[in-house]
Structure formats: C-alpha cells, structure tokens
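Structure first, commentary second.
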Amino acid sequence: MPHVLVVYTDDEPGVLTRVASLFRRRGFNIHSLTVGPTERSRQARMTIVVDAEEATVRLAVEHLRKQVNVLEVQQLGDRPKVVRDLALIRVAAGLDVRSEILQLAQVFRANVVDIAGDSLAIECSGGPDKIDALVDALRPFGILELGRTGAVAMARGPRASPERPAAAPPPASNQAMSV
Amino acid sequence: MTRTGSHTGAQLIWECLIREGVTTVFGYPGGAILPAYDAMVGFDIRHVLVRHEQSAVHMADGYARASGRVGVVVATSGPGATNLVTGLATAMMDSTPLVAITGQVGSGVLGTDAFQEVDITGITLPVTKHNYLVTRAADIVPALREAFAVAKSGRPGPVLVDITKDAQQGRAELDWEAAEPIRHLRHLPPPLDPEALARALELIRHAKRPLILAGHGIQMSGARAEVLTLAERADIPFALTLLGLGAVPATHPLSLGMMGMHGESWVNKAIQEADLLLALGMRFDDRVTGKLKEYAPHAKKIHIDIDASELGKNVPVDVAIAGDLLAVLRALLPGVEVADRSKWLKQIRGWRGDSAVRDIKNLPDDGHLYAAHVMHDLWRLTDGKAVVVTDVGQHQMWEAQYYHHDEERSLITSGGAGTMGFALPAAIGAKVARPEAEVWVVAGDGGFQMTFAELMTAVQEGVKVNIAIINNGFLGMVRQWQELFYEGRYAATPILSPDFVKLAGAFGIHGQRVDTRADLAGAVAAARAAEGTALVEFRVEQEDSVYPMVPAGAALHEMIRRPSASAIAETGSDPV
Ligand SMILES: Cc1ncc(C[n+]2csc(CCOP(=O)(O)OP(=O)(O)O)c2C)c(N)n1
C-alpha cells in the first residue's frame, strides 16, 4: 500500500543522496520522490511515496529521523491530504483525432502546452489516479512521450505538526549541487 | 582560499581536537593531510603511527570502547581514506563514537580524478553516522564540533570529516562559540512516554518467568547500577549478549551468561520459556534470536533502546521505549516492586545442572590442549581482571564462554561486523586509553596474521599488551561450519603460520610456545612479567569445535549440545 511521507531537510549538498541511499540500503521501495524548496530558506521538502507494509514504513520514518540533515518527518497515513502529481504527455494527434483529444483534455482539465504537426503536448496536474486515468484515455491515440513529477503532498487543515526548529547554518561547504 | 584569519585550517583542526579533550590520535600521514601533520608539531597531542590505516580505526575503536571517550583517526586522501572503511563499518555496527579526519585533494581539482582523489564521503555514507566534505578553512571548526557531537550523542557512531588540502592551508578565525553545534539535538529521543512506562511496569509486575536481556547499551549509557537494582528488586535473572558481557558481573547470582548462537543452552532455554523479555540496550541481532518465527514464543517483550529505529525492527514488541537507558530506568525504578521469583530461578538452575556435566572444564588433563582450558586458566590467572580484546572466530566464542567478565568495558570484541584483524590494534588502543590496565589479546592464527604488523606499532609506542594466539592450524570457525554443514570439505581453511616465537623475536618482544596445559601458567606468568608486549602461542586441538551451537536458521532451543566430557575423552572432540 502506498504511504506518503513528507520530509523536511536542510537544503545542503548530498542530502538527497543520503535519503535515497538510506532507502536503497534498507531495501525500502520508493514509488516516487520529489524535492524542492519550502517557505523557509535553507530548507528543502521532500515528498516520498513508499510502497510497503505499515511496519516497514514506520521503520523508514525512524531511520529518516536519525539523519543529521532531517528536520522533520510527517507520515500522512490516513489523514486527509492533498496529493498532486504533474504530467506532461505528448500524444500522437493527426488532424482526424485532434478535436477528440482536445475534448478529452478538457474533461480532465488538462491544458495543451505545445502543438506540433502531428502531435500535442498536454499538461495535467492532479491526484495520481486522475493522471493514470488520463494516460489510459490517451493511450489508444499513441503516447509519444510521458513525463511525471511524482507526488507532492500536504495534509489538509492546519499545519500538521508543531513548528520545527529553525535550520542551523550548514557547518560544511561543498561546491556540488544543492540537495 | 581565505587569506586572512588568525589560524590556518590545519591549526584549527588541532585547536578543535584539544578543545574537545582529545589527547591521542591514531593515524598515518600522506600528501593531502600533510598541512595538518605539519601543524600538529606545535600541539600537545600524542600521535600513534600505525602500520595500516585500518588498524588506526581499530585502535581508535579500542581506545573508545575501553575509555568511553571519542576515538580519533587521521589519514590521507585516496588509499589512506579507503583503508578506513572496514574499521568504520566495524565501529558503526558496534556503535563506537569515533571521528575520522581525512585529507582530500585541493577543492580546485575535486571531481577530476586527481592524484589520490576518492569520493570518501560517498564511499563511507553507509558506514558512518554522518560525514562532511569541508572545502573552506572557515568550515573546519563547525564541522569538527558537530562531528564530535554527532559521534557521541544518541546512539554513538563513527563520523568522517574530509578536509581539502586548500582548506587546511587557508586561514580563518577560531570562532568556537559561533560554531556551537545544535542540529544534532533535534535527533535526541523525545521525552519518555508515561503510558509506555506504566505498561512496562504492569508487565513486570505480572510476569512469572521474566528475563532481562542485557546488551551493550547498558555500558554505553552507564546504567549498570540501575540495571542491577531492577534485577535484584524484581528478582529477574539476566542473559547477556556478546557485547553485553561485563555490563553486569558474570559472577552475580542472577547472571546466567551469554545468549544466542554460542550462548549457554540453559540461557537460550530460559529465553524460549520466558513469559517476559526485558531487552535493555540490545538489538535482537540474528545471532541472538535464531529463527525469528520461533523466538521466545511465550514472552511479552519490552524493548528499551536509544535508537528508535531498532524498536520492532527484527522482533515485534509489546512495549517499545525509545530513550537513554539510564533515564528510562530511573523513571521506571520507583514503580518496580519487590518480588520473589525463586520458582523460575530454580527451574533455570535445573537446566543449567544438566549442562554443567557437559562442560569441558570437567575434562581431566588428557595431555591435549583445549582452547577452552586456555581461556578458563587465563581467567583464573588474571583474577578475571584483565581487559581482553578478542579477534573473531572460535577463540572469540570460547573467550566469551570461559573468561568471566565482572567489570564493565573489560571485553572488547567486534560483535556486529565480526571483523578479523581487530584484536591486536584494538588492544593497543585500549592500552593507550587505560595504561594501568592489564590488556590481553586473544586471537586466532588466522586473524592475527591480518594485522600483526601492528606489533611494531606497539613496540615503537612502548605499549605493553599480552597476546594469546590460539593456534589450531585452521581458520577454525569456518572449518567448524565446513565440518557441520559442508560434509567436512575443508576448502581453503587449513592455514600455515610463521614461527610465532621467532616472529616475536623479529619484533624484539618476548615470545613463547605452549603445547600442554601444564606449561600454560608459567607462560602466562612470563608474558605478564615481560617488560613490553609479549606473545604466547597456544598450540591447541586442531579440530575442536565450539558448543553449544544454534545452527544458522534454527530456533534458539534447537541447539547442538556440548559433547559430554567423557565423550570428548573417548573420541577426541566429536560432538555428540
Ligand atoms: C575480515 C574477515 N574475513 C573473513 C571472515 C570470516 N571468518 C569468520 S571466523 C573465521 C576464521 C577465523 O580463524 P582464526 O583467526 O584462525 O580463529 P579461530 O576461529 O581458529 O579461533 C573467518 C575466516 C571474517 N570474520 N572477517
């Protein structure tokens, strides 16, 4: 069963590797992992979707909490939450089917973001199920290219857990890429 | 590179170590760490020059385990740094607080496969608690301060700080206060959960057949007195893990002995029959549990550990308490009631009686030398007061069975990783940490040959350790498995050794060989009396095996028992 974790980390070189390597080493299966900046400087926020048993996920959370660079881990579990995935889909779209595809896109509130001679690129955001459904609906026309971001998630209602401690300045420098 | 500042980066390294209370480092120089070595000359720090960087980590590890302080290692980039990996993994598995400082190529050529460049932070990611790549002099103090804090706090472990050559050569201010580490604080265990404590007390109160599983965490947390109070007040016997040996006195009436694969049969039986297991600072390693499905089937389980990720990892538990053992026990003790569990204790003693007749100690001297005898006699001859540092193999298990440790930090052994070659360097580290202690190495002929170059380190440093080599002509523990599980095909386990007495001579130390039990005491006395490091080679029964044994994959109670003493006398050393 997919579980959604929200992980706040220091925005520092190597943190993504640490987290990914932790999951690999312990044999936890990552379904998707997205990362980006947050409302605060020097902090990154990851959304990790793990496909595993409850007990395994609890362990993954405890392992994450031990990481020096991890500030906070939320396990969204059964809590009401917003989960969004963004997809860009290039679909074969000869003139004969073009209006049909446009209609489909409208039903899914997806936008056309590029038009080429015989194809359309469609952008759609929403819950993973909705995107799966759109992809299924487009498949008969011929999907030429598909890119998905993986889930970004947030619990509904007020901030889900107490204020986390402010980020400390990073103690070590490194010219490698951030996160 | 910053050109202004009161100190060079290299000086900052040593300033930092001194302020962290470091008096000794173990290391090996090289190009990328040369600025640091050059600066070392002006500081009051002892540097122990090893013969191989792997040994430097084991020495720092032995130093840390013997003293409770943080061990420090220094090495150069590339091959110097990669030689640390086994030692770091060993420290990681056994939760030893270490800081390893490595030199790195200049930041300008990082990532270009420059001479002696390796991505050591990448390589050591899984075998360190945390690591740093420092490329500016100004980041040295914050990184090192945090490294010490991380190494010591929570569940201790090794931390690596990789410092580029230009960072060592650059200049920066020594801004100690500004570098106060705080990030690691967010990883300390949360406040104790009173509900969990109450449930634990309830389980203890109602248990008829409770057992304490005593682990390494007791020594690391300094909770010995509290554990004893708990055991005595509630009349609960304890079983010990390998790393737990010494945590509570072996001669304590409630102390049963070691559990697990080579634990005593009555201890494993008690675990399988218990109705409550109180696991204190131990982690249900597979060598301790045997087949998980059949582990302690009747027992409720209370697990107390500082590392929350250990709770419920291998064994599902009824009450899980994440916290420092000392703090948890202090919170629990007021609620622990006086109890009398003599019926349960009597039952365990019954199982023990049955096993005692099988003990090799009961075998009269038949002219053969058995490793078990060596351990038993060594225990007697040193009054059980020595710090014993073992290598890995059969001798390690015999030591655990027959040298009875009453004192904390008196057995130092590689438990989690099982690293051969650990003993000699770790013993040197232990002796450096505790010069007043009598330190014995117990090693096999195989493992000793992995790191015996460190004999020269002991000589150069004027460190006295006494060495017992248990020479059985085999990689004994592997041979035992071949005998039991591979139809006796001894593939690559017979091993030749040099003449150990001559070898000792080559290093300029006392050396002696013992073939019979009658000569044992004299040789031990001579080694103890010798001025510097001394070596005794014990030529023991070649195909002797360690029993009892839980075969891998079997349940804890499905042990291969010790051969009875009479059976050994008749057939040599075959199990029955
Ligand atoms: C570095 C390393 N390599 C291999 C092993 C596997 N191993 C475990 S015990 C053992 C045999 C040890 O032989 P010896 O040192 O002679 O000790 P004995 O078992 O005979 O007491 C081996 C090879 C190990 N634990 N560590």
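On a predicted model such as this, the values are computed, not experimentally measured, just so you know. Below, chains carry the letters A, B, ... as their sequence lines are ordered, and counting in each starts from 1.
- For the pair B/E117 (side chain) and B/A114 (backbone), a donor-acceptor distance under 3.5 Å is present.
- Ring geometry for B/F284 versus B/H303: interplanar angle over 60°, hence perpendicular rather than tilted (30 to 60°).
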Is there a side-chain contact (heavy atoms from CB on, under 4.5 Å) between B/L98 and B/V70 once you walk through the steps?
CA-CA 5 Å; B/L98 288 187; B/V70 179; 5.5 Å; no
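- Contact count versus chain A (heavy atoms, under 4.5 Å) is highest, among B/E310, B/K129, B/R155, B/K313, for B/K313.
- Of all the listed residues (A/V61, A/L64, A/N69), the one sharing the greatest number of non-hydrogen pairs under 4.5 Å with chain B is A/N69.
- Between the A/K130 side chain and the A/S125 main chain, a donor and an acceptor come within less than 3.5 Å of each other.
- If you measure heavy-atom distances from B/D162 to chain A, you find no contacts under 4.5 Å at all.
- Contacts between A/R25 and chain B at a heavy-atom distance below 4.5 Å involve the side chain alone, from C-beta outward.
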